[in-house]
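Before any comments, here is the structure.
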Number of protein chains: 2
Amino acid sequence: MAQLDSLSEGARRILSIAAPLFAERGYTGVSINEIAAATDGSKANIFHHFPNKEALYLAVFKSACDEFGTELKDLADERSDNDNRLQIIGKQHLLRLFSKSDSVRLILREVIDGESGINRSLVAEILHHNFGTIVEQIEEEQRQGRIRDDVNPAMTAVTIVALNMFFFQTMTILEQFQEFRHLDSPQQFAREAFEAIAKGLLVK
Amino acid sequence: MAQLDSLSEGARRILSIAAPLFAERGYTGVSINEIAAATDGSKANIFHHFPNKEALYLAVFKSACDEFGTELKDLADERSDNDNRLQIIGKQHLLRLFSKSDSVRLILREVIDGESGINRSLVAEILHHNFGTIVEQIEEEQRQGRIRDDVNPAMTAVTIVALNMFFFQTMTILEQFQEFRHLDSPQQFAREAFEAIAKGLLVK
DNA sequence: GTCTATAAAAGGATAGAC
DNA sequence: GTCTATCCTTTTATAGAC
């Protein structure tokens, strides 16, 4: 939020319209012209609010980081009793990805093709925090005796994050595979996958 | 290979130089100018070999699909007896990703931001074939009694692919996390992750 | 804060010589 | 097959009025 508040109304409007465009097609894939058209405004007005295209992109990116960094309290307690603990943790994370998909896409872009610059360490920080939250949840479950003691929390967290990012990125393609025809939502997808890995991780 | 043979020497040279550029920065991120400079040649020569930029990109992309589609026989039997079967399957897949990283990146780009066009079904086909190979390997292990009967081969394959794609994409960032400081290669990384999931999937 | 007009550069693509 | 020169369009960015 820090930097978002310091922006004017008009600037924030531009930001929110540019975000999904950059998220979908990346920095070079979107022109100021196009953003101006999307805002029903002029190019010059965008350059009034931001010194140049890169600054606009950076503002969009930082605001995506802010958004992704804030917690989702509302989703936290939507747990069904049929699910095991790992499934709950995994499902929450997946819902988070989909509910903030533009921000996630923007951050993912930097992960994948970011030059090793300032953005990259910002990304590392965000991811590490996000990752740490999941590790903590797993450790808590271990203390409660609901996940086996001998599993490595960090590696388990990696598995959860990896599966969810994979679903997030390939959903539209996986849907076409016969093997998965019976699954009609990412949630159901994730449920089956976590069920598979959980078999070995839970206390029996 | 099919389409690669039909190209002239000069065209193939351009292709091979353009590939890593497109892989790293995407279609809109690379200009014909830049490709020409990288080939030490002229823009006009590129347009002599390819009707337009899109055709060049498509040729690069198809050739990436060809390369990724061909099997890696040489890596197939580098198995250490300390590893369990899932680790071997996973490690092979990961080595494949890294040894063909430009092609993988190009294909991943289409997965992530491809418009739903011809490329997309090509990508789906490639991924499905790749995926099918892993499923078959797991089923074979189940027949041999080395992996439990009650695990879903498709879901297990998804987990392997997801973990490996995640490593491939985030390697340079994960390296910065303290939790993983002791891991100095993707292989070691993958080994630990698969060890974690394998605990529940192998016959005991 | 927002606009129109315009500059300056880069990008995709073509013509025509060698 | 490869080049130089050129064209047209798009893009980033600025100047200056309202």
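The chains referred to below are lettered A, B, ... by the order of the sequence lines, with proteins before strands, and numbering in each begins at 1.
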Choosing from C:dG1, C:dT4, C:dG12, which nucleotide comes nearest the side chain of A:Ala44? C:dT4

Crowding at CD, A:Gln178 (>12 non-hydrogen neighbours, <6.0 Å): yes

Consider the side chain of A:Lys43, meaning its heavy atoms from C-beta on, and name the nucleotide among D:dT2, D:dA13, C:dA5 that approaches it most closely. D:dA13

Compute the ring centroids of A:Phe98 and A:Phe168, then answer whether they are less than 6.0 Å apart. yes

Assess the residue pair A:Phe47 and A:Leu56 against the criterion (side chain to side chain contact (heavy atoms under 4.5 Å, CB included)); give the C-alpha distance rounded to whole Å, side-chain angles, the decisive distance to 0.1 Å, and a yes or no. CA-CA 9 Å; A:Phe47 285 111; A:Leu56 168 58; over 6 Å; no

Of C:dG1, D:dG1, C:dG12, the nucleotide closest to the side chain of B:His48 is D:dG1

So if I take every side-chain heavy atom of A:His49 and compare against C:dT2, C:dA5, D:dT12, which nucleotide ends up nearest? C:dT2

Specify the residue among A:Pro51 and B:Glu9 whose closest nucleotide of DNA chain D lies further upstream toward the 5′ end. B:Glu9

Can you identify which nucleotide, out of C:dG11, C:dC3, D:dT12, has its nearest atom closest to the A:Ser31 side chain? D:dT12

Among C:dG11, D:dC3, D:dA13, which nucleotide has an atom closest to any side-chain atom of B:Asn33? C:dG11

A:Ser42 side chain: which of C:dG12, C:dC3, D:dT11 is closest? C:dC3

Nearest-nucleotide comparison on DNA chain C, the residue closer to the 5′ end among B:Val30 and A:Ala11: A:Ala11

Do A:Lys91 and A:Phe194 meet the cation-pi criteria used here (NZ or CZ under 6.0 Å from the six-membered ring centre, within 45° of the axis)? no

Nucleotide nearest B:Asn52 when distance is taken to its side chain, options C:dA13, C:dG12, D:dA13: C:dA13

